[in-house]
Protein chains: 2
Amino acid sequence: MTPPSSRPTMRDVAERARVSPKTVSNVLTGTAQVREPTRLRVEQAMRELDFVPNLSARGLRNGRSGVIGLAQPDLRAAFSASMTHAVVEAAHARGLVVQVEETAAEPARERDLVTRARTHLIDGMILNPVRLQDSVVEHLDHLPPIVLIGEVEQHRTDRVFINSRSAARDAVRHLLARGARRIVALGGAEHGAGLDKATQGQRLRGYLAGLAEAELPASPELQVEVPEWTIAGGAAGMREILERGAEFDAVLAFTDSIALGAMHELRSWGARLPEDVLVCGFDDVEHARFAGTPLTTIAFDHQAYANAALDLLTSRMRDRGLPPRAQEIPYELLARTSTQGPPAGFSGKNSPI
Amino acid sequence: MTPPSSRPTMRDVAERARVSPKTVSNVLTGTAQVREPTRLRVEQAMRELDFVPNLSARGLRNGRSGVIGLAQPDLRAAFSASMTHAVVEAAHARGLVVQVEETAAEPARERDLVTRARTHLIDGMILNPVRLQDSVVEHLDHLPPIVLIGEVEQHRTDRVFINSRSAARDAVRHLLARGARRIVALGGAEHGAGLDKATQGQRLRGYLAGLAEAELPASPELQVEVPEWTIAGGAAGMREILERGAEFDAVLAFTDSIALGAMHELRSWGARLPEDVLVCGFDDVEHARFAGTPLTTIAFDHQAYANAALDLLTSRMRDRGLPPRAQEIPYELLARTSTQGPPAGFSGKNSPI
DNA sequence: CGCAGTCTTTACATCGATGTAAAAGACAGC
DNA sequence: GCTGTCTTTTACATCGATGTAAAGACTGCG
């Protein structure tokens with residue numbers, strides 16, 4: 001019927017309905033009035049030809065593609081998966097589709113993404129940055145609308161965040177209240193790039209603040225950076241602490257995935273959870289609730305988070321002149337089995353102390 | 001400097017470099033030779049203007065956008081997350097970007113996606129179908145290239161798959177060899193839509209085949225459908241079996257997420273794993289290895305799976321006349337702690353029997 | 001020094017949808 | 001039956017990149 005690989009265009013529809021292409025466009029977009037019988041003829045022609053508008057052409061013409069980008073460090077991480085789901089839902093509800101990008105594999109990609117090529121096919125972008133601080137905003141004038149999710153130390157773009165710093169401090173308070181005294185920070189360390197990186201920096205700061213207000217020392221021995229925020233990454237980080245021979249009685253993991261890896265590693269070294277060691281995570285992914293030892297974590301509404309990001313993004317897509325806005329999403333510490341104290345303490349040197 | 005919201009075009013670059021727009025295009029695409037000094041001038045102009053080509057325009061002109069679609073039932077599921085990661089990596093390596101879609105929420109979306117609107121902005125599509133069988137192929141002539149991932153009973157599109165049926169049968173054999181006799185099928189049931197749905201149907205068939213070759217009866221009491229293949233879905237399915245009061249000594253879960261939910265539920269009813277009940281999953285997501293009781297599962301190389309899908313897709317994008325091809329990815333049963341038998345057996349009626 | 005032959009660069013048309021402005025049609029009122 | 005207003009439809013130009021074909025620059029050779 002139709003030539004193999006070419007789809008019908010508005011011109012084809014117009015011919016078949018015996019009207020001009022512009023009338024077809026009018027039917028489609030509702031820009032102008034179209035008389036009933038004409039509209040019906042056009043609609044039938046569209047149906048018969050199985051017409052689908054060419055979005056490249058439309059995008060070229062009116063400067064918008066209906067596509068937004070979502071960039072995250074590692075799509076395998078449970079939190080990223082949850083966030084992707086939530087963003088896709090929120091976008092769908094607003095008639096937008098989502099293009100995903102991954103930034104962790106090569107550090108250059110994060111920077112590239114914002115400044116280079118693809119940028120131009122998308123109307124806006126939601127970015128969960130790892131290290132990016134200034135490089136984003138440098139080129140801000142030339143960029144599409146951007147909403148940052150997570151903590152970044154700047155106030156020139158829109159962003160959505162939970163107060164990670166205060167959350168981490170609350171988690172430390174909780175662990176201390178349950179009897180812990182020597183808390184491992186699993187995900188960031190003061191030396192190294194610890195405080196520079198976005199979310200990681202805020203969680204580390206909160207951890208330090210929590211210790212400080214209880215007048216407890218912050219030991220570098222109990223801090224470790226975790227480059228990949230996955231389960232395997234968490235396990236590797238925990239192993240490092242254990243191999244140092246450090247003594248501790250609680251772990252504050254910077255994400256739930258890290259916490260789950262840590263719990264696995266601890267168990268395989270013979271630690272009992274939570275009898276020997278308390279563990280607290282971040283993000284409340286589905287997994288946390290169903291873990292062997294259900295995981296205490298910082299919970300917040302992922303869908304609300306995504307909705308807020310999309311609201312900021314779409315409003316800015318409509319009006320680029322708006323001032324930068326920041327929206328905080330409330331969190332809550334969800335106490336589960338993994339922090340039922342008091343803990344006996346544990347050390348990689350030997351069996352439970 | 002630049003007018004607020006309009007990016008430089010090739011025309012601007014051309015003017016600044018004192019050449020024609022076509023020469024800029026030649027520098028960019030390498031279509032024709034460009035003399036060194038000219039090329040340098042153009043490149044500098046591009047740099048100075050921070051020029052980025054407009055992909056809508058390019059897409060319109062040469063009919064390709066460089067975007068592929070990836071549609072999966074539920075992006076929260078661990079397997080989907082892993083697959084998304086793998087596909088994004090594979091696509092990136094081939095200079096493509098990925099648009100994600102989710103089909104589980106409304107059944108109509110799966111159908112819509114293949115036939116309607118957005119279709120036109122993407123060059124091809126990777127689809128993990130839930131129920132879709134015929135509706136895809138109906139319109140096949142009008143569709144962009146499609147690769148199905150997972151088991152679908154048709155041979156008119158390209159597809160990548162593991163032999164789920166034989167894998168499920170192997171899993172049953174493994175459970176039987178470890179001493180199980182009454183195996184729960186968690187994810188699909190003979191009555192209901194069990195056998196009709198894509199992957200689910202094949203896994204159910206393999207389960208039945210495994211029982212049959214051991215001359216064991218297939219009890220409807222031990223089968224349950226799980227609408228959402230998530231951890232919570234698995235827990236709910238397990239609960240249903242337990243509330244039926246069924247007696248069993250092993251669980252074959254149709255994905256790892258389902259298995260993890262089942263293990264949680266079993267534990268909370270007092271079952272010991274694997275002493276009372278053996279559990280086997282599917283997909284070998286990161287999580288399986290790190291579970292409280294490390295999970296035996298059907299493992300395969302997710303990245304190889306994604307690479308195969310992209311190879312099929314890109315080759316078809318180049319030549320739509322190719323015959324439909326199917327590529328099988330090998331799997332392997334990875335025995336971990338969760339199937340260290342023999343199991344004592346368990347029933348929802350009371351404590352371990 | 002001039003010309004064939006090659007290598008670069010240019011002008012122009014095109015991809016498909018849509019805004020603009022003008023033409024065509026519908027309809028009321030006198 | 002004709003004018004004037006309002007509605008519907010049309011022709012044309014445009015968005016930005018790129019293929020085509022023709023013009024222009026340059027090389028080497030006689």
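Lettering follows sequence order; numbering is per chain, from 1. Values below: every heavy atom of this structure, side chains too, minus hydrogens, waters and symmetry copies.
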End-to-end bend of the helix from dC1(C)-dG30(D) to dC30(C)-dG1(D) (five-pair axes, 10° rounding)?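 For the helix from dC1(C)-dG30(D) to dC30(C)-dG1(D), the axes at opposite ends meet at about 50°.
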Can you name the ring-ring contact (aromatic ring centres under 6.0 Å, His included) partners of F161(B), sequence neighbours left out? none
Give a yes or no on whether the backbone of A326(A) and the side-chain of R159(A) come within a donor-acceptor separation of less than 3.5 Å. no
Round to the nearest Å and state the distance from D123(A) atom CG to dC15(D) atom C1'.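 After rounding, the gap between these two atoms is 15 Å.
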Applying side chain to side chain contact (heavy atoms under 4.5 Å, CB included), name anything that partners [X], two or more places apart in sequence or on another chain.
| X | result |
| --- | --- |
| S25(B) | M10(B), K22(B), T29(B) |
| A91(B) | I68(B), L96(B), V98(B), L310(B) |
| N128(A) | Q72(A), P73(A), F79(A), I149(A) |
| R76(B) | H85(A), D74(B), E228(B) |

Please identify each residue that fulfils salt bridge (charged side-chain N to carboxylate O under 4.0 Å, His left out) with [X], with sequence neighbours left out.
| X | result |
| --- | --- |
| R316(B) | D158(B) |
| R39(B) | E36(B), E43(B) |
| R94(B) | D311(B) |

Quick one: label R61(B) by what it contacts on the DNA or RNA (base, sugar-phosphate, nothing), any heavy atom closer than 4.0 Å. base
Which of residues 33-42 of chain A sit near DNA chain D, with a heavy atom under 4.0 Å from it?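 Correct list: Q33(A), V34(A), R35(A), T38(A).
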For residues 17-29 of chain B, which residues have at least one heavy atom under 4.0 Å from DNA chain D?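 Of all residues in residues 17-29 of chain B, the ones placing a heavy atom under 4.0 Å from DNA chain D are K22(B), S25(B), T29(B).
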Sequence neighbours left out, what passes side-chain hydrogen bond (donor to acceptor under 3.5 Å, both in side chains) with N307(A)? Give chain and number order.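 Checked N307(A) against side-chain hydrogen bond (donor to acceptor under 3.5 Å, both in side chains); matches are Q303(A).
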